[in-house]
Amino acid sequence: MRPDTPAENVDHASEAARLERIAELYPEDAEALLLRAAAHRELAGDRPAATALYDRLLVSGTGLDNPALVRALKASNLWEYGHEAEARAIIDGIRTASPRDPAPWVIVAESLESHDELEQAHETFTQAVRLLLTGVTEPPRATHPLLFGRHRVRRMLGAAHDEWDALADSVHTLPITLDELHDPKRVWSLGSENPAELEAEISRLRAELGAYRQALSRPFPVAILHWPADELAELREAYPALAQEYPSYEEHLATTEAALRELASSGTPNLGVVTGTVPSYEAFAASEGTAPGDATLLPQYATTLAARGRAVAWPPERGAACWCGSGRAYGECHGA
């Protein structure tokens, strides 16, 4: 959930300040923007400033999309600079609330793990897995870190494999097995004088680092702009010049899906869909000093929405709703 860029390559304090300024301009996106700003504050070593941003969100009075995530990040950050009692209280509150989103669970469980609270970390991972995955045949991608984290902690505790560990093995895709990655004895091999053992351990560490970076990354997607039916009708009526860009709603949907598939087939990663609204588009056009009827503004608008955290990943996971808003599963709609 946090930027994974080395401090020597990015001025994290400046990036945080930039995101905070953008949040002032777009209060409807403040949650996503300020969470990224807080992550940069942490990476810059200014943990009190990060806590202030988390508190700013929690006391803002506006409805948060994921308040449990904000609290979890705050707890993890507090513990890192000496506020253990407050962090533990927040973690207990999150476990009691039992959020349905896996992200807060991952953050608080890993916070416990990083402070050698292995038994509590195991209890937290297990509580989350049972809550979110009982009766689920194919775990969503967002729940994989829960399974992997639980597996890792159980290996450190010396616990035998159980059904959840088997499920973690089944969704693990790296060439090195989870048992190898999470072997507590691996640390001793780093002191070996045998070149073959050292080389094998370096390969394992590279694989583990790759998985860790993938879990942490919040990729900036290549986003395609989608208009709901009512918004597209209003847009075409207000700006007839854009009718050439959008001949009809049905053609707009077909073109959007086709563009996404073409990008995917060309190897473009991190694809997403952003949903536009006429008021938002008009405000963007005004900020750019360009007439809304100018079609060249549309890709810039899509990129700006994606940068503000508005993109939804494409393709949707199996069984998830289609990006077009029809209410049907993607596999039964545009994914057919």
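In this text the structure is predicted, and so the values were computed from the model without any measurement.
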side-chain hydrogen bond (donor to acceptor under 3.5 Å, both in side chains) evaluation trace for T177 with D179: CA-CA 5 Å; T177 67; D179 277 343; 5.5 Å; no
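- In terms of heavy-atom proximity, P102 sits nearest to L146 at CB-CD1, 3.7 Å.
- Between D162 and R154, at least one side-chain nitrogen of the basic residue sits less than 4.0 Å from a carboxylate oxygen of the acidic one, meeting the salt-bridge criterion.
- L147 places a side-chain heavy atom less than 4.5 Å from the side chain of L133.
- A donor-acceptor pair shorter than 3.5 Å cannot be found between the side chains of E234 and Y239.
- Once rounded to the nearest 0.5 Å, the distance linking OG of S287 with OH of Y301 reads 10.5 Å.
- Listed here is the closest heavy atom pair of T124 and A109: CG2-CB, 3.9 Å.
- Taking the side chain as every heavy atom from C-beta outward, H226 and L253 approach each other to under 4.5 Å.
- Atoms CD and OG, on E42 and S76 in that order, are 6.5 Å from each other to the nearest 0.5 Å.
- In this structure, the side chains of R71 and P104 stay at 4.5 Å or more apart for every pair of heavy atoms.
- Between G276 and L225 the shortest heavy-atom distance is N-CD1, 3.9 Å.
- Put simply, OG1 on T173 and NE2 on H144 are 8.5 Å apart, with the number rounded to the nearest 0.5 Å.
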Kindly indicate, with the supporting measurements, whether the criterion side chain to side chain contact (heavy atoms under 4.5 Å, CB included) is fulfilled by H115 and Q120. CA-CA 10 Å; H115 291 90; Q120 290 189 43; over 6 Å; no
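- F148 and W105 fall within the same hydrophobic cluster, where Ile, Leu, Val, Met, Phe, Trp and Tyr residues are linked whenever their side-chain heavy atoms come under 4.5 Å apart, directly or through other members.
- Residues P315 and R261 form no side-chain contact, since every pair of their non-hydrogen atoms from C-beta on lies 4.5 Å or further apart.
- Counting only residues at least two apart or on different chains, the side-chain hydrogen bond (donor to acceptor under 3.5 Å, both in side chains) pairs with a member in residues 323-336 are E257-W323, E257-Y330, W314-Y330.
- Two residues are said to be in side-chain contact when any heavy atoms from C-beta on lie closer than 4.5 Å; Y246 and L298 meet this criterion.
- Annotation: the span from L53 atom CG to N77 atom CG amounts to 9.5 Å, rounded to 0.5 Å.
- Checking side-chain atoms of T134 against main-chain N and O of L131 turns up no donor-acceptor pair under 3.5 Å.
- There is no path of hydrophobic side-chain contacts, each under 4.5 Å, that joins L112 to V129.
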For T290 and F284: C-alpha separation, side-chain torsions, deciding distance, then whether side chain to side chain contact (heavy atoms under 4.5 Å, CB included) applies. CA-CA 9 Å; T290 305; F284 175 73; over 6 Å; no
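- The residue from H40, R36, R56, R41 that alone fulfils the side chain to side chain donor-acceptor pair (under 3.5 Å) condition with E20 is R41.
- Counting non-hydrogen atoms of other residues, nucleotides and ligands closer than 6.0 Å to CD of E237 gives a total of 12 or fewer.
- In the hydrophobic clustering of this structure, I91 does not group with V70; members are Ile, Leu, Val, Met, Phe, Trp, Tyr whose side-chain heavy atoms approach within less than 4.5 Å, directly or through other members.
- Contact between L73 and L35 at its shortest, heavy atoms only, is CD1-CD2, 3.7 Å.
- Remark: R18 engages E15 in a salt bridge, criterion side-chain N to carboxylate O under 4.0 Å.
- Checked for salt-bridge contact, E245 and R236 miss the test: no charged N lies under 4.0 Å from a carboxylate O.
- Ring centers of W164 and F125: at least 6.0 Å apart, outside the cut-off.
- The CG atom of L118 sits 5.0 Å away from atom CG of L157, with the distance rounded to the nearest 0.5 Å.
- Every residue meeting the salt bridge (charged side-chain N to carboxylate O under 4.0 Å, His left out) condition with E86, not counting sequence neighbours, appears here in chain and number order: K74.
- In this structure the side chain of L78 never reaches within 4.5 angstrom of the side chain of Y54, judged on heavy atoms.
- Hydrophobic cluster membership is shared by L64 and I107, with clusters built from Ile, Leu, Val, Met, Phe, Trp and Tyr side chains linked at under 4.5 angstrom.
- In this structure a side-chain-to-backbone donor-acceptor pair under 3.5 Å is missing from E84 to W79.
- Cation-pi check for R308 over Y26 is met; the charged atom lies under 6.0 angstrom from the ring centroid and within 45 degrees of its normal.
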Evaluate S280 against L305 for side chain to side chain contact (heavy atoms under 4.5 Å, CB included), listing each step before the verdict. CA-CA 10 Å; S280 169; L305 290 178; 4.2 Å; yes
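- Between H151 and H182, the ring planes lie tilted relative to each other; the angle falls in the 30° to 60° range.
- Contact annotation: the side chain of L167 approaches that of P139 to within less than 4.5 Å [non-hydrogen atoms, C-beta and beyond].
- R310 and E28 are not joined by a salt bridge, as no carboxylate oxygen comes within less than 4.0 angstrom of a charged side-chain nitrogen.
- Side-chain polar atoms of Y81 and T51 form a donor-acceptor pair below 3.5 angstrom.
- Using a 4.5 Å cut-off between side-chain heavy atoms of Ile, Leu, Val, Met, Phe, Trp and Tyr, with links allowed through other members, L69 and V312 fall into different hydrophobic clusters.
- Of the possible donor and acceptor atoms, one in the side chain of T96 sits under 3.5 Å from a partner among the backbone N and O of D92.
- Contact detail for Y281 and P292: the closest heavy-atom pair is OH-O, 2.6 Å.
- Between the T303 side chain and the P299 main chain, a donor and an acceptor come within less than 3.5 Å of each other.
- Residues L263 and I224 meet the side-chain proximity criterion, which asks for heavy atoms closer than 4.5 Å.
- Of all the heavy atoms in P99 and I94, the pair that sits closest is CD-O, 3.3 Å.
- The CD atom of E231 sits 5.5 Å away from the OG1 atom of T277 when rounded to the nearest 0.5 Å.
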Can you list the steps and then say if D165 with R150 is a salt bridge (Lys or Arg N to Asp or Glu O under 4.0 Å)? CA-CA 8 Å; D165 291 322; R150 184 179 183 275; 3.8 Å; yes
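- Residues passing the salt bridge (charged side-chain N to carboxylate O under 4.0 Å, His left out) test with E317, sequence neighbours excluded: R141.
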